[in-house]
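Notes follow the structure.
Quantities reported herein were computed from a predicted structural model and do not represent experimental measurements. Labels below follow one simple rule: chain letters A, B, ... track the order of the sequence lines, proteins then strands, and each chain is numbered from 1.
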There are 2 protein chains.
Amino acid sequence: MMRFESMETFVRVVEAGSITAAADRMGIAKSAVSRRLSELEERLGVQLFRRTTRRMNLTGTGRSLYERCVNILADVAEAEQAVSREHGKLQGHLRVALPLSFGLLQLGPAINAFLQANPGVEFDLDFNDRQVDLLAEGFDLALRIGDLENSSLMARRLARIRSCVCASPEYLQRAGTPRRPEELAHHACLTYSLVPEPRVWRYRNAAGKAGSVRVPSRLQANNGDFLHRAALEGQGIVLQPLFIVHRSLAEGRLLPLLTEYEWPATSAHALYPHTRHLSHRVRAFIDFLSDWFAEADAKQNGMGF
Amino acid sequence: MMRFESMETFVRVVEAGSITAAADRMGIAKSAVSRRLSELEERLGVQLFRRTTRRMNLTGTGRSLYERCVNILADVAEAEQAVSREHGKLQGHLRVALPLSFGLLQLGPAINAFLQANPGVEFDLDFNDRQVDLLAEGFDLALRIGDLENSSLMARRLARIRSCVCASPEYLQRAGTPRRPEELAHHACLTYSLVPEPRVWRYRNAAGKAGSVRVPSRLQANNGDFLHRAALEGQGIVLQPLFIVHRSLAEGRLLPLLTEYEWPATSAHALYPHTRHLSHRVRAFIDFLSDWFAEADAKQNGMGF
DNA sequence: ATTATTGTTCTTATTAACAGAACAATTATT
DNA sequence: AATAATTGTTCTGTTAATAAGAACAATAAT
């Protein structure tokens with residue numbers, strides 16, 4: 001594969017107009033420039049210059065290659081600068097759409113840390129569990145939980161999200177503890193409306209076999225935290241992500257149920273428009289979140305990522 | 001500038017999932033891969049991987065860099081393949097718009113040569129002196145003479161076109177030979193309608209000073225070859241590109257006039273849509289034309305390029 | 001607890017790149 | 001027209017960069 005040095009040499013010879021001039025500007029011997037050039041030509045099996053031993057003219061293919069090389073070198077420089085630590089201070093607005101519970105609980109600390117690390121950045125946060133249209137509404141970035149529908153957006157997976165079934169000790173004492181998923185059909189379940197089939201709970205048993213149970217629900221809501229609170233008050237059994245219930249579980253105010261079964265796991269994603277080059281601050285924020293959750297994951301902090 | 005080897009190594013480590021695997025696939029020692037990687041990280045001042053001495057995970061910035069690098073490497077490969085001699089046989093249609101006289105006289109031989117060199121290529125030629133809309137009418141390429149208006153099209157200069165003033169010996173004997181541009185005002189001039197001011201002929205004297213003369217015209221046409229023939233028959237004086245009249249000049253059937261003055265020079269351009277990557281055959285044809293005219297130029301063949 | 005695997009580091013050996021001069025070819029100058 | 005100056009190429013000795021290979025430390029798997 002063609003090397004950047006060859007490409008850069010070629011470009012600079014074209015721009016300087018001669019090998020000698022290019023060598024001078026680059027501060028190397030002209031013999032080296034000459035050698036790189038003939039090496040490149042031999043590599044490609046193509047003549048790049050029409051030489052008259054005194055003057056050099058680009059051939060047609062030479063001109064084509066030049067145009068491509070200029071673009072490529074610019075891309076390389078941009079990539080380097082974008083990623084390099086010395087990219088200068090970030091500044092500007094970040095308009096972010098994010099889901100309510102996950103946003104408040106998990107993204108809150110991350111956003112605070114990012115704010116602190118980048119004094120020039122301002123956030124405009126839109127907490128909302130409906131799916132916003134990034135492009136139409138001018139968001140830089142959306143954070144979403146769940147499976148991604150097909151779209152023109154780019155996605156970066158940030159965190160894995162595990163869910164669990166749980167209920168308060170009080171409720172279990174009153175209504176009994178289900179030992180098998182099917183028994184959920186005779187319990188008061190608290191269901192979350194923003195999933196395709198709120199009243200169908202899917203799982204896998206220890207052997208990996210998938211199953212599902214249709215649960216009765218007298219209380220359904222589009223807010224996980226509300227359901228969590230309802231469960232704490234003994235209203236019934238919830239199936240919710242760990243990041244919502246882990247604290248109550250740790251404190252014993254909720255008890256995990258049917259733990260031999262795997263309950264739906266999903267992911268949190270950052271979605272952003274598919275432009276050829278992301279703006280500095282958007283990219284930096286996505287990278288930051290990616291690192292943030294990866295580190296949280298590494299710590300195995302029991303929050304279920 | 002980032003080394004090419006560093007970049008490729010980085011990408012292959014990401015894709016292989018580990019340094020050892022990448023080293024195996026590349027057929028080099030893993031120590032070399034490791035070194036290239038840490039070199040790259042140090043260069044950028046950024047951590048690309050989250051290392052656990054046993055497993056490697058991309059950091060956020062690492063992921064961003066990876067995405068850019070993949071694109072860049074693809075661009076490089078494409079550039080190389082596009083330009084390399086071993087690009088395989090060209091094939092497909094080329095829909096080209098080209099001006100009448102220049103097309104017939106100058107492009108004809110070039111197109112024939114290209115056809116012969118590329119058996120898989122087919123041409124669809126549209127000879128027309130009006131300015132066609134490339135994009136709307138689905139042309140791959142337009143060849144034009146004259147100054148370019150601003151447009152979204154890309155242009156490649158193919159040839160320089162010089163013009164001269166001339167008339168038949170018969171006419172000159174009858175009407176006299178003008179010695180100064182102003183005298184043209186009392187001659188029968190044959191004017192070309194497809195220029196902004198057909199009856200105003202502009203020139204430069206030996207000192208480089210610009211002037212113009214308004215010429216009378218009883219015969220005006222939008223076809224240079226027709227005017228050329230009219231001049232041959234003694235109808236008057238023409239100002240036409242050399243590629244139209246050079247043969248008659250060489251044969252003495254037309255005599256050049258006012259040769260101490262410079263008459264308008266212009267260029268022939270290839271115009272093509274501004275897509276990120278030109279199709280193989282379009283690019284190859286443009287390169288071919290570029291070389292064709294450059295070589296004709298080098299031969300100094302007196303055709304006035 | 002042991003084994004195998006992974007990434008890093010170090011030293012040696014090899015390879016590739018460069019500088020410098022000599023040369024051939026061509027344009028500018030006188 | 002002849003000379004001088006400039007340009008690109010080629011060659012060789014030298015220098016710097018790079019890889020290989022082994023040893024080591026750390027971690028996951030058995």
Exercise for the section: Can you check whether any acceptor in the base of C/dG20 is under 3.5 Å from a donor in the side chain of A/S31, or vice versa? Expected result: yes
Problem - side chain to side chain donor-acceptor pair (under 3.5 Å) against A/S31, all qualifying residues, sequence neighbours excluded - result: none
Could you list the protein-to-nucleotides 3-5 of chain C atom pairs, N/O on both sides, closer than 3.5 Å?
residue, atom, partner, partner atom, Å
C/dT5, O2, B/R54, NH1, 2.5

Practice task
Anything under 30° is parallel, anything over 60° is perpendicular, the rest tilted; go ahead and classify B/W263 against B/Y203.
Solution key: tilted
Practice task
For A/F285, check ring-ring contact (aromatic ring centres under 6.0 Å, His included) against everything at least two apart and list the hits.
Solution key: A/F114, A/F123
Just how far, in rounded Å, is [atom2] of [N] from [atom1] of [X]?
X     : N      : atom1 : atom2 : result
A/N57 : C/dT26 : CG    : C1'   : 14 Å
A/M56 : D/dT7  : CE    : P     : 12 Å
B/L37 : C/dG7  : CG    : C1'   : 10 Å
B/L48 : C/dT8  : CG    : P     : 12 Å
A/K30 : D/dA5  : NZ    : P     : 15 Å
B/L40 : C/dG7  : CG    : P     : 16 Å
A/F49 : D/dT7  : CZ    : P     : 15 Å
B/E41 : C/dT9  : CD    : P     : 11 Å

Fill in the blank from the handout: Expected list for residues 5-29 of chain A near DNA chain D, using heavy atoms below 4.0 Å, is A/S18, A/I19, A/T20
Handout entry: Test side-chain contact (heavy atoms from CB on, under 4.5 Å) applied to A/A265 - qualifying residues, sequence neighbours left out
Key = A/R160, A/R162
For [X], give me all partners under salt bridge (charged side-chain N to carboxylate O under 4.0 Å, His left out), at least two apart in sequence or on another chain.
X      : value
A/R202 : A/E197
A/E262 : none
B/R180 : B/E182
A/R68  : B/E78

Handout entry: Closest listed nucleotide, where the reference is the side chain of A/A32 and the choices are C/dG7, C/dA19, D/dG8
Key = C/dA19
Practice task
Scan for ring-ring contact (aromatic ring centres under 6.0 Å, His included) pairs involving residues 20-52 of chain B, sequence neighbours excluded, and state none if there are none.
Solution key: B/F10-B/F49
Practice task
Taking only Lys NZ, Arg NE, NH1 and NH2, and the carboxylate oxygens of Asp or Glu, determine whether B/E67 and B/R63 approach each other closer than 4.0 Å.
Solution key: yes
Practice task
Please round to the nearest 0.5 Å and tell me the distance separating atom CG of A/L141 and atom CZ of A/R283.
Solution key: 13.0 Å
Practice task
Five pairs at each end of the helix from C/dA1-D/dT30 to C/dT30-D/dA1: take the axis at both ends and give me the angle between them to 10°.
Solution key: 40°
Practice task
Could you check if a side-chain atom of B/F293 sits within less than 4.5 angstrom of a side-chain atom of B/Q106, using non-hydrogen atoms only?
Solution key: yes
Handout entry: More than 12 heavy atoms from other groups under 6.0 Å of CD on A/E260
Key = yes
Completion exercise
Result for side-chain contact (heavy atoms from CB on, under 4.5 Å) between A/L271 and one of A/M154, A/R144, A/R156 points to A/R144
Listed pairs, N/O of protein and of nucleotides 12-17 of chain C, under 3.5 Å:
residue, atom, partner, partner atom, Å
C/dA17, OP1, A/R3, NH2, 2.5

